[in-house]
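A quick write-up on the structure given underneath.
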There are 2 protein chains.
Amino acid sequence: MTTESKAATASAAPAVSAPLPLTERQEARRRRILDATARLAVRGGFDAVQMREVAESSSVALGTLYRYFPSKIHLLVATMQDQLQQLHGTLRKRPPTEEEPAARVAQTLMRAFRAMQREPHLADAMVRALTFADRSVSAEVDTVSRLTTAIILDAMGLAGPPTPAQLSAVRVIEHTWHSALITWLSGRASIAQVKIDIETVCRLIDLTSPSTGNCQEV
Amino acid sequence: MTTESKAATASAAPAVSAPLPLTERQEARRRRILDATARLAVRGGFDAVQMREVAESSSVALGTLYRYFPSKIHLLVATMQDQLQQLHGTLRKRPPTEEEPAARVAQTLMRAFRAMQREPHLADAMVRALTFADRSVSAEVDTVSRLTTAIILDAMGLAGPPTPAQLSAVRVIEHTWHSALITWLSGRASIAQVKIDIETVCRLIDLTSPSTGNCQEV
DNA sequence: ACCCAGTCTGAAACTTGTTCTAGATTAGCG
DNA sequence: CGCTAATCTAGAACAAGTTTCAGACTGGGT
């Protein structure tokens, strides 16, 4: 039908930053792969996503799967990107209702958390991949990180651009978010505990708000 | 020479909480294994710690290695426990010099961070194992977590027992510590950035100090 | 219509974590 | 000392991620 050209040679992944011209069939393959991955992950988490199964399940040869995603970690991080994008869309449509930035961020993260609770195995696969990723995946992980940052900044509902202090706070919130998820996924923290941790770290935002009580004495 | 008894059947690991009566030779084997693991990790990080190599390098059969540590993750988490214990000892001898609790904690974590910078590969192996660990390792990971908490509380130099708010802050600090380490290890954050993140999150401690400026308005 | 470069497929091979087995050792005990 | 259960060893076997390769397929350029 269409053009099956030379694209997608080095890294077929980025899709956002540099959507190398993929033909329709290639785009379709990529999507089949990501969908199959999510499907398998929903069933049994990280371990259930087996490269041979993903390949078979998306009607693609194993070698092709590896051409699109150079490792299982790459594949799962790309899946996370995919899911985050959907989440970001959803959140844009229904922004947080709270007034204060800190509360808005906490509310948003709790929504995201609830989404993960709905598919804990999928969350497991994605989060484990994200934190296990080594340097060879840093570009992709960075994309995910930027997406997360964007979601949090969105939630804050700032008027102007964020201050450096605010960006620092957001970084720490992200750290806490990832790590808290991990403790929950590995059964070492309850849902309630994660909620508390999120609310605790969100107080950092208050410290950076120029209008409200910024009373550090450093 | 000594007694090689039936101990160490189920989990030969705990060593702290329930040091199942190991014979001297068993204790020696365990130590050889942990030392060999650290040696290999120092050279090449997570990937360089290969179970066959660890076994050979510590003069133990592969099956025996697996009897002592049921998986590579268990082994590396135990190694982390081991290293943390040493660190805790060192820190007790030279407590932080700062006055304010927040600064003391930041100083202590930066010391720990400097220790990791000295052996980044070892840090990589341990931290990756820690965050990749699944439920089957939660007991051991929990031990590590409690050790970390103890180190931070020590650093705060509190008079009485910590308040719930302080414990929450410590949890978030731990989250940030782990996650920041990961971003550094995977080359996505500079040393300076990690320092900033640590200092940022340590401000949470100020929020919990009953004497100093606790001015949240929530 | 033909050719070339780049893709995709199917299958085998290789690596490393993990499990299993049979036999040698060791240790607690009468 | 000799018995028995637990432990240790050596090595094969298995599982899943990753690599490799020969051959079929695709599509644009001539």
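Letters A, B, ... mirror the listed sequences (proteins, then strands); counts begin at 1.
The separation between B:D134 atom CG and C:dT18 atom P is 10 Å, rounded to whole Å. Atoms CG (A:L65) and P (C:dT9) sit 10 Å apart, rounded to a whole Å. Between B:R67 atom CZ and C:dT18 atom P the separation is 17 Å, expressed in whole Å. Following rounding to the nearest Å, A:R25 (CZ) and D:dT26 (P) show an atom-to-atom distance of 6 Å. In this structure, the OH atom of A:Y66 is 6 Å from the P atom of D:dG17, given to the nearest Å. Rounding to whole angstrom units, CZ of residue B:F132 and C1' of C:dT16 are separated by 14 Å.
Contacts classified as side-chain hydrogen bond (donor to acceptor under 3.5 Å, both in side chains) and involving residues 115-133 of chain A (residues at least two apart or in different chains) are given here: A:D124-A:R128. The ring-ring contact (aromatic ring centres under 6.0 Å, His included) pairs that include a residue from residues 163-204 of chain A are A:F113-A:W184, where partners are two or more places apart or lie in different chains.
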Q.
Run the side-chain hydrogen bond (donor to acceptor under 3.5 Å, both in side chains) test on A:E174 and A:T149 for me, step by step, so that the C-alpha distance in whole Å, both residues' side-chain angles and the decisive distance to 0.1 Å come before the verdict.
A. CA-CA 7 Å; A:E174 252 184 86; A:T149 304; 2.6 Å; yes

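Contact annotation: B:Y68 reaches the phosphate of D:dC8 (side-chain N/O to OP1 or OP2, under 4.0 Å). B:Q26 has no side-chain polar atom (N or O) that falls below the 4.0 Å cut-off from OP1 or OP2 of C:dT26.
The stretch residues 33-59 of chain A comes close to DNA chain C through A:R52, A:S59, each having a heavy atom under 4.0 Å from the strand.
Scored by the side chain to side chain contact (heavy atoms under 4.5 Å, CB included) test, B:R135 finds no partners at all (sequence neighbours excluded). For B:R188, the side chain to side chain contact (heavy atoms under 4.5 Å, CB included) criterion is met by A:S138, A:V141, A:D142, B:T183, B:S186, not counting sequence neighbours. A search for side chain to side chain contact (heavy atoms under 4.5 Å, CB included) contacts involving B:S57 returns B:A36, B:R39, not counting sequence neighbours.
Mapping B:A61 and A:I73 onto DNA chain D by nearest heavy atom places B:A61 at the nucleotide closer to the 5' end.
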